[in-house]
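Every chain is numbered from 1, with letters handed out A, B, ... down the list of sequences.
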Protein chains: 2
Amino acid sequence: MNFKKLKVFTTVCDCGSMSGAAKKLYMTQPAVSQAILELEEELDVHLFDRINKKLLLTYPGEVLLEYARRILVLVEEAQSTMKDIANMNTGKLRIGASTTIGTYLLPEIIRTFGQKFKNIDIPFAIDNTGVIEKMLLENSIDIGLVEGPIHSKEIIVKPYMDDELFIICSKNHPWAARKRIGPGTISEQNIIIREQGSGTREVFENTMSKHNIPYSIKHVLNNTEAIKKAVEANIGVSVVSEIAIKEEIKSGRLVKINLEGVRFLRKFNIIYHKDKYHSKLFEEFLRHLCSGNF
Amino acid sequence: MNFKKLKVFTTVCDCGSMSGAAKKLYMTQPAVSQAILELEEELDVHLFDRINKKLLLTYPGEVLLEYARRILVLVEEAQSTMKDIANMNTGKLRIGASTTIGTYLLPEIIRTFGQKFKNIDIPFAIDNTGVIEKMLLENSIDIGLVEGPIHSKEIIVKPYMDDELFIICSKNHPWAARKRIGPGTISEQNIIIREQGSGTREVFENTMSKHNIPYSIKHVLNNTEAIKKAVEANIGVSVVSEIAIKEEIKSGRLVKINLEGVRFLRKFNIIYHKDKYHSKLFEEFLRHLCSGNF
DNA sequence: TCTGTTTACGCACAGCGTAATCATG
DNA sequence: CATGATTACGCTGTGCGTAAACAGA
């Protein structure tokens, strides 16, 4: 018993004749006849009564027909679904991202990717880089977008884009008109910054100490949105990734300030497992990342 | 794609390794490996990630696994059901019977046959011989038990048993003590008999006229049970098939009377289509009929 | 004779085993 | 070196087509 024979059987039932089924299946009559005989032999059952040239289903024939139809429907559905997956008409890509990227970049990335590929399931997780790395290793995500360093040798790290942190102030702040300040002026300001452990804070502190610039932290907020609101309210100045403030810069609510001779640079990376098969959807997502401007 | 490959696939998923699956399936590793590769090639999809010697299902792999399990369950169920049918652990035999046989013989026949073969479905129809013959020709029953003559050349008629009609009277009737009467005495009696068209009445009338015995019908009842009750109540005498009065004869409520020199004989026949395949269940039913004393 | 099924026979390929190779711990 | 996957290759049997026989209208 195999799919083909079941298909032959159901077709014969539909047509009421072997020759009709043969025509429909692009086979010869003998092949159809043989398939039916083999089914009958294998199952030790007569499927048809041959009365007056008419093929009439026997009881076991009826029973088998029921099963055969159900099986073939499932098989065809399976094949069609797999074809959809192969053609990326359906699929799944599990994405992980570290906090900043996940918050400010990922939504737009997923939105546009989802537009390009309908019916695609794109579950995502947002957590710090270490957790995202771990998820990649235990195969609970397919690809990650992170800011921090990766340690596992099994993970391929591909630079995605350069990120830069900027000092920001309110449009009402005295700096707003100047856009450039000297390193010395910063120590006079109330600095609002993310909590210890944040990648953003780490880059800021490292860079500042590298340049031996003194500064004093006034407020600590564990949330970029809260920081932006605080700066907008002119409670102090802060430093955040440029991707977090596009909107506010555009509308003029916040102003980017250049600290003379100092830049806060880091890289965003795409990470994925070196041994994992790269599905077409995966490749498309990579292409999508590199093509788009997010 | 075929059953075997799906089976290989699900087994590999269960075992988490090709070698394990090979052992379970009594195949060699390469054969398993090849089956999986062929599946992947045919469906144009990667089913496993080969990470650290571990086989991890990809998304398309998961989807296929779902389908494969459902398909294989159905296939196994189908095979098991067909096997049951072949072994007569389940099955169906559609029986038709003419009125007298259907009423007095068939219930016991079906009861005992159903005891021998559990889980067998035995739908039956009771109607006059002509209808039963027609049902056989249009394949709505598999076998018939009839008293009347069959006309179709396509039907095989096999004598089943001899039936004899007997004149019956109540135990309170004057005849009851004698058991034998002469042909002349019958015309003095109130005769109760079935309606026109009844096989029983036909045999009675034919036999009586063949012997030139005069008789007068007093009551007509279209129902053997009613006739028996009427005779028991000594309203008159009647003539019925011996199979209809076993119980009453045994208990003495009715008495069988011999009409000297006259017997009302007919045959019960088993009928079935000459071209229809005789299932094992069918053969068993024939054997059952011939073996039992009904 | 024509239509449709079955039987007979030969070929081609799918699918399995054996053996060798590769990869990884 | 041991375990397990892959590659290479040859054989066997399934499954199909062609051809012929058979059966019924």
Side-chain angles (χ1 to χ4, degrees), chain A residues 1-43 46-58 61 68 75 137 139 152-155 273-277, chain B residues 1-43 46-58 61 68 75 137 139 152-155 273-277:
Chain A
M1 177 149 86
N2 55 37
F3 294 153
K4 189 66 191 292
K5 285 183 186 172
L6 289 185
K7 182 68 190 171
V8 169
F9 174 60
T10 59
T11 309
V12 169
C13 291
D14 292 340
C15 296
S17 81
M18 307 244 187
S19 52
K23 213 170 281 179
K24 218 180 219 176
L25 294 168
Y26 302 101
M27 297 170 63
T28 57
Q29 277 177 28
V32 172
S33 184
Q34 188 184 339
I36 298 295
L37 292 180
E38 281 169 9
L39 263 186
E40 290 184 325
E41 191 161 336
E42 178 187 343
L43 299 174
H46 268 64
L47 297 172
F48 295 105
D49 282 314
R50 282 78 167 172
I51 297 182
N52 296 338
K53 289 267 180 192
K54 284 275 171 202
L55 292 178
L56 287 175
L57 267 182
T58 60
V75 169
L137 287 174
N139 193 34
S152 168
K153 279 281 189 188
E154 295 185 340
I155 290 179
H273 199 291
K274 77 176 168 64
D275 294 329
K276 203 165 147 60
Y277 168 69
Chain B
M1 177 148 85
N2 56 36
F3 296 152
K4 189 66 192 293
K5 286 184 187 173
L6 289 185
K7 182 69 189 169
V8 169
F9 174 60
T10 59
T11 309
V12 169
C13 291
D14 291 341
C15 296
S17 81
M18 307 245 186
S19 52
K23 213 170 278 176
K24 219 179 217 174
L25 294 166
Y26 303 101
M27 296 169 64
T28 58
Q29 278 178 26
V32 172
S33 184
Q34 189 184 339
I36 298 295
L37 291 181
E38 282 170 9
L39 264 186
E40 291 184 323
E41 191 162 337
E42 180 187 345
L43 300 174
H46 268 65
L47 298 172
F48 295 106
D49 281 312
R50 281 78 165 171
I51 298 183
N52 296 339
K53 289 264 180 196
K54 283 276 172 201
L55 291 179
L56 286 175
L57 267 181
T58 60
V75 170
L137 286 174
N139 192 34
S152 169
K153 280 280 190 188
E154 295 185 341
I155 291 178
H273 200 290
K274 77 175 169 61
D275 293 329
K276 205 166 142 62
Y277 168 69

Quick one: is [X] getting a side-chain N or O under 4.0 Å of the [N] phosphate, OP1 or OP2?
X	N	result
A/Asn2	C/dA14	no
B/Ser33	D/dT6	yes
B/Lys4	C/dC16	yes
B/Lys5	C/dG15	yes

So A/Ser19, base contact, sugar-phosphate only, or nothing? Heavy-atom distance under 4.0 Å.
sugar-phosphate

With sugar-phosphate meaning primed atoms plus P, OP1 and OP2, does B/Tyr26 contact a base, only sugar-phosphate, or nothing at under 4.0 Å between heavy atoms?
sugar-phosphate

[X] has an atom [atom1]; how far is it from atom [atom2] of [N], in whole Å?
X	N	atom1	atom2	result
A/Tyr277	D/dA5	OH	P	20 Å
B/Phe48	D/dA5	CZ	P	10 Å
A/Phe3	C/dG15	CZ	P	12 Å
A/Leu37	C/dT6	CG	C1'	7 Å
B/Gln34	C/dT18	CD	C1'	13 Å
A/Met27	D/dT18	CE	C1'	14 Å
A/Lys54	C/dT3	NZ	P	16 Å
A/Leu55	C/dT3	CG	P	18 Å

Closest-nucleotide mapping onto DNA chain C: is B/Glu38 or B/Gln29 further toward the 5' terminus? I mean the 5' end.
B/Glu38

In chain order, what residues pass the salt bridge (charged side-chain N to carboxylate O under 4.0 Å, His left out) check against B/Lys276, with sequence neighbours excluded?
A/Asp49, B/Asp142

Should the ring pair B/Phe9 and B/Phe48 be called parallel, tilted or perpendicular, given that the plane angle runs from 0 to 90° and is split at 30 and 60?
tilted

Tell me, do A/Arg50 and B/Asp275 make a side-chain contact under 4.5 Å, heavy atoms counted?
no

Using the side-chain contact (heavy atoms from CB on, under 4.5 Å) rule, pick out the option among A/Val12, A/Leu47, A/Asn2 that qualifies with A/Leu39.
A/Leu47

For B/Lys23 and for A/Pro30, find the nucleotide of DNA chain D with the closest heavy atom, then tell me which residue's nucleotide is more 5'.
B/Lys23

Using heavy-atom distances to pick each residue's nearest nucleotide on DNA chain D, tell me which of B/Asp275 and A/Val32 is more 5'.
A/Val32

Taking the side chain of A/Arg50 as heavy atoms from C-beta outward, which of C/dA19, C/dT6, D/dC16 is closest to it?
C/dT6

B/Glu154 side-chain N/O to B/His273 backbone N/O, donor-acceptor pair under 3.5 Å
no

